[in-house]
Amino acid sequence: MKQDIKDLIHTGLQTLVSQGQLELTELPEPQLDRTKDASHGDFATNVAMVLAKLARTKPRDLAQRLVEALPESPLVDKVEIAGPGFVNFFLAEGAHRSVVPQILTAGHAYGRSDIGAGKRVQVEFVSANPTGPLHVGHGRGAAYGAVVADLLAAVGFEVHREYYVNDAGRQMDILGTSVWLRYLELCGEELRFPSNGYKGDYVWDIAATLHREHGDAYRVEVEQVFADLPLDASIEGEPQDQAGDKEAHIDGLIAAAKRLLGDNRYRYVFELGLNTILDDIREDLSQFGIDYQEWYSERSLTESGAVNKAIERLRESGHIYEQKGALWFRSTDFGDEKDRVVVRDNGQSTYFASDIAYHMDKLERGFDRVIDIWGADHHGYIPRVKAALQALGDEADKLEVLLVQFAILYRGGEKAQMSTRSGEFVTLRELRKEVGRDAARFFYVMRRCEQHLDFDLDLAKSESSDNPVYYVQYAHARVCSVLRQAAEKGMIVDPTPGTTNLERLTEPHEEALLRTLIRYPEVVESAALKAEPHQVTQYLRELANDFHTYYNAHQFLVDDGVLRDARIKLILAVRQVLRNGLGLIGVSSPESM
RNA sequence: GCCCUCGUAGCUCAGUUGGAUAGAGCAAUCGCCUCCUAAGCGAUAGGUCACAGGUUCGAAUCCUGUCGAGGGCACCA
């Protein structure tokens, strides 16, 4: 629809140029907007004002000439010039009604398009360290990333969803060591658990599995473990002057675990922790309606030599230097604040080095676009990753990083505090259990991603019209209910999506609904291209509102069979669009509530 | 200190990349069930778009500065 009007304007402008009334070597893409006010028609363009200066005429005069040059179209009822030089388009009534058979014919496909032209897009999201269950902050990234991916797929991109698994590195060593220490406690050893260890209950669970299945096979005397270790930081109640360095302490414990257990046994404990948590994360996300094409292992990058290869490539192109025994990447050449270490003086490559290799690999896999969805706390990371891609000669523009701000939970008007340090935090699983999958998915994508999200738990649970999820779902259930009533009364619903009887849809409420239904494909396209799922939730609320208003104002199951048929076709179309829209954001469409 | 994001109705947020009289939902006030689900609908009221300059036909939107909120500035991951 929108494109049809744009084509009309384009033709009109071409006519003016060929008549010599407008001197332009290149025609601009006409900007066409939905009007805010119905008295301004359906669409408005500002081309006359934009081109007035070039044409050296008054905007309104140019608008007049453009209107005269516009070709005839059955879609357009009338064209008006308004204000400083807007050209307003009023769509013909028939043009509105034709959307109903269009929706009923397309069904699930209504709103989908192929503007992505099969281009391959990789979307990486969540990628939380497998050191514990996902919490509510990850949940927002999960919901947002999933919808962005689904939206892109809906408009014709070939989407590859990926989770980057940080299965290497110090944090994972800390997890493995935490599990082992808890295991030792289960064996009856008494020890002081490190302040920097993972203290969540899930660590106990993993330790219990190890103890149950292997008895004392991994037991070592505690005295050996803690011998000659740097002191831990002081905990509450202890004198400050005995405080040590908690980082050095935990590193000492990791070294002790590796030494005392030996490679094989250490590896087993490490893997047990990793796999248990990763399985949990997989299941959690799957139950949240999110599935990936690939779980990409960070460790595989080191083992395959990809990290060394990436560093080597940077060295060859002269972007690496050595200082104090470490290898540095000169990222400042590409706009970063400071240079970054890729290999530490102890020979270990950094997390950043893995990230360079990973992103190099992404581009080598031939994606046309690569999208990373990160928590807002990682934003300082963007310049260095882009710098690395530039240094490698890859097109850094192919990488888009979308940042998701934190979600803050509110309960009873109060902030629901959470702290990862104590190991007591609200997990995504708990949230799903409390408010349900539908509400969680909807609430998470209701706001622009760069906006802090106030997640009102009470509202998400409430079964009232205040709750936008219920409001939209209820509209869907209501349509279903009407159809059930029709069946009970023996009224036959004609399923053929023809235009028959639709000319009976003349009420203002019906006009409003038709206008909203027509907009849906534009909303999906815009939401997809701008990565803004909230446009969909916003739209769904509007559509539901239009429907509820209509429902209250008019009876659908009227005696007049022709009118009844028209109205049923209209609400069938509404139901289809509600279903399509809810499906896009991963929310169910209940038949009854 | 430097960098990033943000500041719109009492609250939570939209605002179609610079367009017409800045819009919703809560909360407030007043109405609507003999009727397909009142888990709904209508109406009223609510604004110096943080502040001050600038850019132009035109600014909530772009630029500069100030104030305020959050985040980032490791040989951590």
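A note on names: the letters A, B, ... follow the listed sequences, proteins ahead of strands, and every chain is numbered from 1. Quick note: numbers below take in every heavy atom, side chains included, and nothing from hydrogens, waters or symmetry partners. Since we're looking at a predicted model, the values are computed, not measured.
Across B:A77, B:G25, B:U16, the shortest atom-to-atom separation from the side chain of A:D33 is found for B:U16. If you check B:A77, B:U17, B:G42 against the side chain of A:T549, the one that comes closest is B:G42. Of the candidate nucleotides B:C26, B:C73, B:G71, B:C73 has the atom lying nearest to any side-chain atom of A:E337. Listed candidates were B:C75, B:A27, B:C36. Nearest to the side chain of A:D466 is B:A27. Minimum atom distance to the side chain of A:R447 is reached by B:C13, of the listed B:C13, B:G72, B:C6.
Within the nucleic acid shown, A:H509 has no heavy atom closer than 4.0 Å to any nucleic acid atom. Using a 4.0 Å heavy-atom criterion, one finds that A:A168 contacts the sugar-phosphate atoms exclusively. Residue A:K489 is out of contact with every strand shown, counting any heavy-atom pair closer than 4.0 Å. In this structure, A:R340 reaches neither bases nor backbone, as no heavy-atom distance under 4.0 Å exists between it and the strands shown. Contact annotation for A:H534: backbone-only contact, meaning every heavy-atom pair under 4.0 Å involves sugar-phosphate atoms and none involves a base. Using a 4.0 Å heavy-atom criterion, one finds that A:D456 contacts no nucleic acid atom at all. Residue contacts shown for A:N129 are limited to sugar-phosphate atoms, with no base heavy atom under 4.0 Å away.
Between A:Y164 and A:Y358, the two ring planes are parallel [angle under 30°; tilted spans 30° to 60°]. Between A:Y444 and A:F455, the ring planes are perpendicular. Angles over 60° get that label, and only those under 30° would be called parallel.
The side chain of A:Q451 places no N or O atom within less than 4.0 Å of a non-bridging phosphate oxygen (OP1 or OP2) of B:G70. Residue A:N346 has no polar side-chain atom (N or O) positioned under 4.0 Å from OP1 or OP2 of B:C75.
Between the side chain of A:N88 and the base of B:A20 there is at least one donor-acceptor pair of N/O atoms closer than 3.5 Å. A donor N or O paired with an acceptor N or O is found under 3.5 Å between the base of B:G71 and the side-chain atoms of A:H379. Between the side chain of A:N46 and the base of B:G19, a donor-acceptor pair under 3.5 Å is found.
Remark: the separation of the C1' atoms in B:C41 and B:C4 is 45 Å, to the nearest Å. The same atom, C1', is picked in B:G70 and in B:G18; the two are 29 Å apart, to the nearest Å. B:U29 and B:C36 are spaced 30 Å apart, taking the P atom of each and rounding to whole Å. Taking atom P in both B:A14 and B:C6, the straight-line distance is 11 Å, to the nearest Å. As rounded to the nearest Å, B:G65 and B:G1 have P atoms that lie 15 Å from one another. To the nearest whole angstrom, the two P atoms, one in B:C51 and one in B:A59, are 15 Å apart.
In this structure, A:H40 packs face-to-face on the six-membered ring of B:A20, meeting both the 5.5 Å centre cutoff and the 30° plane limit. B:A20 has its base stacked against the ring of A:F86, the centroids being under 5.5 angstrom apart at an interplanar angle below 30°.
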(message) Show, in sequence, the C-alpha distance, side-chain angles and deciding distance for A:D33 and A:T45, and conclude whether the side chain to side chain contact (heavy atoms under 4.5 Å, CB included) test is met.
(response) CA-CA 6 Å; A:D33 296 318; A:T45 182; over 6 Å; no
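The aromatic ring centres of A:F334 and A:H319 sit less than 6.0 Å apart.
Pair check for B:A69 finds B:U5; Watson-Crick or G-U wobble, both atom distances under 3.5 Å.
Protein atom CZ of A:R170 is 9 Å distant from nucleotide atom C1' of B:A77, rounded to whole Å. Regarding A:F352, its CZ atom lies at a distance of 14 Å from the P atom of B:C73, rounded to whole Å.
Residue order along RNA chain B, read from the 5' end via each residue's closest nucleotide, puts A:A477 first among A:A477 and A:W328.
Taking the charged nitrogens against the carboxylate oxygens, A:R170 and A:E247 do have a contact shorter than 4.0 Å, which makes a salt bridge.
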